[in-house]
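Data first, discussion second: the structure below is written as structure tokens.
Predicted model, so just to flag it, every value in this text is computed and none were measured. Residue numbers begin at 1 in each chain, while the letters A, B, ... track the order of the sequences.
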Amino acid sequence: MTSKTIAEIVRREIENFVRERGIEIDVPVPEKPKNLQYGELCSDVPFKLSRHLQKPPEKIACELAERLQWLNPEPIGGFVNFKIPVKVSAKFLSRFQTLDILCGKRVLCEFLSANPTGPLHVGHGRIAAVGNAIANIFKFCGAEVDREFYINDAGEQIEKLGMSICGEGDQYKGEYINEIREILKNKAGSYKFAEKDFSNIGFMASQIILEHIIKRTIDRFGIYFDSFVSEREMQKYLRESLEIVKPYTYEQGGALFLKTTDFGDDKDRVLIKSNGDPTYFLNDCAYHLFKLKRGYDILVEVWGADHHGYVKRIETFLRLAKFSGEFKVRLVQMVNLIKDGKPIQMSKREGTYITLDELIDEVGVDAAKFIYLTKSVDTHLDFDVDLAKKKTTENPVYYVQYTHARVCSLFKEAESRNLLEGYEEWKKQDPWSGFEEDERKILGLCSIFPDEVIKAYNLIEPSVITSYLIDLASEYHSFYQRKRILVEDARVRFSRLFVSEVVRKTVRSGLELLGVSAPEKM
RNA sequence: GUGCCUGUAGUUCAGAGGAAGAACGCUGGACUCCGGAUCCAGAGGUCGUGGGUUCAAAUCCCACCAGGCACACCA
């Protein structure tokens, strides 16, 4: 039932090779070499065995190569490079949809969770794109994934929003504040402005912002959530949360503290303020209790980097609540907008920020997502607005999408010229010979796609997929330029069409993981 | 001051201890052809600095330098 990836199968063979020599070391999964001229997979274990075996790595590499003849190995120094033969890669080419390494696991992926006090800005866009891709990657690995948005619709910020709506404060600025004020004023009878019930007005405003601004942008950005959970509704878990943490709390100055320092935090944290209100932290404990109650095996959190101090606190609560599953937090670094060569100072309160909607207007959904996912999550992202506006066609997303469109168009052309006749039969008969080196190379690269997804999962890093797709697109464009595909000789034609078809499917699967469309025409 | 992230080509960045890479920009080229949104070639590097671990360090550890973020009875 388990279907192993090609790299995992090779790893096991290498492991056997190592064990037979009586050595117990971790055998890493062979990887895609940085430079593709070395092949599609590469192992460096001969280096690691050298000391144990008292032999030069070169010699061990030759022995290992001998053992793995079926993979067309090339020992070079202490490396063994593999140029995967077509016969081998063919067995792995159909696995573009799912893996089973997380089979049976239930995963909750919480991301975005933007405050419902204003429109989404470009920083949110990055978290949305990353969270969405991470959820897709977990799903690809076989997990059952739920995507969740936590609505921070309680607390002081809502009251401040209410004040801004009433024109009493200047916490939140921007055109949308005026628009919401008009909407609420027209809803006669639902409340009275005169009473200055800021918290109620703010809550109503937050609902409008969520429904009519945030959700609309989310839809437009091509992202969906299985559930939206309201902070207010977590009240019902407050008492139970408090029971869980009770043994580790103390009172001081009328407030209730949790001894998070016992769990590695640098100071104790307040659960209940001296005025009796719960803190955001306590509400969040309640929210996480609600997560636990739903029986997930893995909790994935995609948060902005400004929440990093918060990880320890939630970890503490989960430990006290005896959560036995995995808790994975991925912190997404900030986005700096660059305009006229200078960073733009963004402030939600001043209303001086670029919204995600504006960005989408400028560069489009696909380009925006792709740019967000090109950089590693740990890197501060400089998003050059001018560059994105002016030079959209130079964006790498088009480079990758073009591969897909090109193959689609190629097949249309082949069909219209009646050059596909016999292709399906050929695929069933003897398709694994007669491929040339550059065709073999591309098929080999496609066959390790699932291994790249596993790498992206292990690192929780969608940019692994982005880089892979750019590499693959580059190989195919280069191939396309060198070799004419719709040639007279049917056998040659079919093998080249087959390579093209496999590339198309792989690119499509990869783009799907990133949430980017794979157009048939551009 | 403390914690987290970052420092690689002119610029933006990939590089899970092993073989220095891409894109953009620059220079010069490519089929009367299946989509030129493509391809090929060239120039361009003390991997922030200094130590340490290792057969092997851009990668791990320590110190320093620089930038960003966070350090609330805000969320």
Taking the minimum atom-to-atom distance to the side chain of A/Q157, which one of B/C34, B/A75, B/A37 wins? B/A75

Using Watson-Crick pairs (N1 to N3, plus N6-O4 or O6-N4) and G-U wobble pairs, both distances under 3.5 Å, which stems of at least 3 pairs involve RNA chain B?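 Result, WC/G-U stems under 3.5 Å: B:1-7 with B:65-71, B:10-13 with B:21-24, B:26-30 with B:38-42, B:48-52 with B:60-64.
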
Under 4.0 Å between any heavy atoms, over every strand shown, what does [X] touch: base, sugar-phosphate, or nothing? Just pick one.
X      : result
A/D266 : nothing
A/E231 : sugar-phosphate
A/A154 : sugar-phosphate

May I ask you to check whether A/Y248 and A/F263 place their ring centers less than 6.0 Å from one another? yes

Ring-ring centroid check A/Y372 A/F383, cutoff 6.0 Å: yes

Using the [atom1] atom as the point on both nucleotides, what is the distance between [M] and [N], in whole Å?
N     : M     : atom1 : answer
B/U8  : B/G50 : P     : 15 Å
B/C5  : B/A41 : C1'   : 39 Å
B/G15 : B/G21 : P     : 16 Å
B/G10 : B/A43 : P     : 15 Å

Donor/acceptor link under 3.5 angstrom from A/S274 side chain onto base of B/C73: yes

Donor-acceptor pair (no angle test) under 3.5 Å: A/N81 side chain, B/A19 base: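 Side chain to base: pair present.
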
Less than 4.0 angstrom between a side-chain N/O of A/R406 and OP1 or OP2 of B/G36, yes or no?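 So the side chain of A/R406 is within the cut-off, an N or O lying under 4.0 Å from OP1 or OP2 of B/G36.
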
Provide, to the nearest angstrom, the distance between the CD atom belonging to A/Q481 and the C1' atom belonging to B/A41.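 After rounding, the gap between these two atoms is 14 Å.
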
